[in-house]
Every structure is written in C-alpha cells, then in structure tokens.
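The block underneath contains the structure these notes are about, expressed in structure tokens.
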Amino acid sequence: MSVASPSPAHALRAILPEDRIHEGERAARWTVGDHRAAVVALPESVEEAGAVLARASTEGWKVALAGAGTMLRGTRKAPDLVLSAARMTRVFAYEPADLTITVGAGMRMADLAST
C-alpha cells in the first residue's frame, strides 16, 4: 500500500512560516501563463529557498521560479509550486566608494535605487 505525499502547502509548513505559504485566493496573483498557482512559497533567505527546492526535488514537484512575481512566463504544464524571491530583499554588502552593492534576488530596481 502506498502512502500519498503531502500537498506542497502542507509539506512546506515544516520549512516556512504559514504567512509565507500562499494558496487559494492568496496565490491568485501568481498566475504562470494560463496556470493559476496552487501554492506559492516566499522564502526570505537562500537557505530557505534551498530547503524548499530540496523538498520539491524529493517530491517530484514542478516548480516555477518567480522574482517579485511581476513578469511570470508561461509554461505548458501547471506548476505544483511557484517559488518567489519577493521576500529575499536583503542588502548583503554596500560599498558606495566602489559603486558596488550585493542584494537578494527579490530586490526591485526602484527599491535598489532608493538604497
């Protein structure tokens, strides 16, 4: 007898807090092509994103990657999970004299400019 894998939202609760797992109406704006996202994960760190992707790999989930969710490209098949970098906006290093900055993958250009 096989045991069914938990839904992505249920499984992700072991990795992310509830407020960073969107499903249902909370996931509605994360449409990928013609496919409305069933579950959206919003990690805040590279480590959390890695843990989400590791679980997705283990479970065989189809994952669509999204920055802040403003330019989602279509896919032929609906993803099981959208992984968004929207909460990964930390400034890691800023050297004004060198004109260099290192930021998280979800940093928007307008926010970067104001920094």
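Predicted model, so just to flag it, every value in this text is computed and none were measured.
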Next on the checklist: Side chains of V63 and L53, heavy atoms from C-beta outward: is any pair under 4.5 Å?
Outcome noted: yes
Next on the checklist: If hydrophobic clusters are built by linking Ile, Leu, Val, Met, Phe, Trp and Tyr wherever their side-chain heavy atoms come under 4.5 Å apart, do V103 and L42 end up in the same one?
Outcome noted: no
Item to check | Distance, nearest 0.5 Å, that separates CG of D19 from CZ of R26 | outcome: 7.0 Å
Checklist entry - So, for A27 and A38, which heavy atoms are closest and what is the spacing to 0.1 Å? => result CB-O, 4.2 Å
Item to check | I101 side chain reached by V91 side chain, heavy atoms, under 4.5 Å | outcome: yes
Checklist entry - Can you name the closest pair of heavy atoms from V52 and A41 and give their distance? => result CG1-CB, 4.2 Å
Item to check | Nearest atoms (heavy-atom pairs only) where A11 meets W61 | outcome: CB-CH2, 3.7 Å
Checklist entry - Is M109 reachable from Y94 through a run of I, L, V, M, F, W or Y residues, each pair having side-chain heavy atoms under 4.5 Å apart? => result yes
Checklist entry - Shortest non-hydrogen contact from S84 to P43? => result O-CD, 3.3 Å
Next on the checklist: Please enumerate all residues that pass side-chain contact (heavy atoms from CB on, under 4.5 Å) together with V46, with sequence neighbours excluded.
Outcome noted: M88
Item to check | Distance, nearest 0.5 Å, that separates CE of M107 from CG of L112 | outcome: 6.0 Å
Checklist entry - Where do G106 and T89 come nearest, in terms of heavy atoms and distance? => result O-CG2, 3.6 Å
Item to check | Atom pair OG (S7) and CD (E23), whose distance is rounded to the nearest 0.5 Å | outcome: 6.5 Å
Item to check | Residues that R20 engages under salt bridge (Lys or Arg N to Asp or Glu O under 4.0 Å), provided they are two or more places apart | outcome: E44, E48
Checklist entry - Is there a side-chain contact between L12 and L81 (heavy atoms, below 4.5 Å)? => result yes
Checklist entry - Sequence neighbours excluded, which residues qualify as side-chain contact (heavy atoms from CB on, under 4.5 Å) partners of E18? => result R13
Checklist entry - Within a strict 4.5 Å, meaning less than it, do heavy atoms of the D80 and V39 side chains meet? => result no
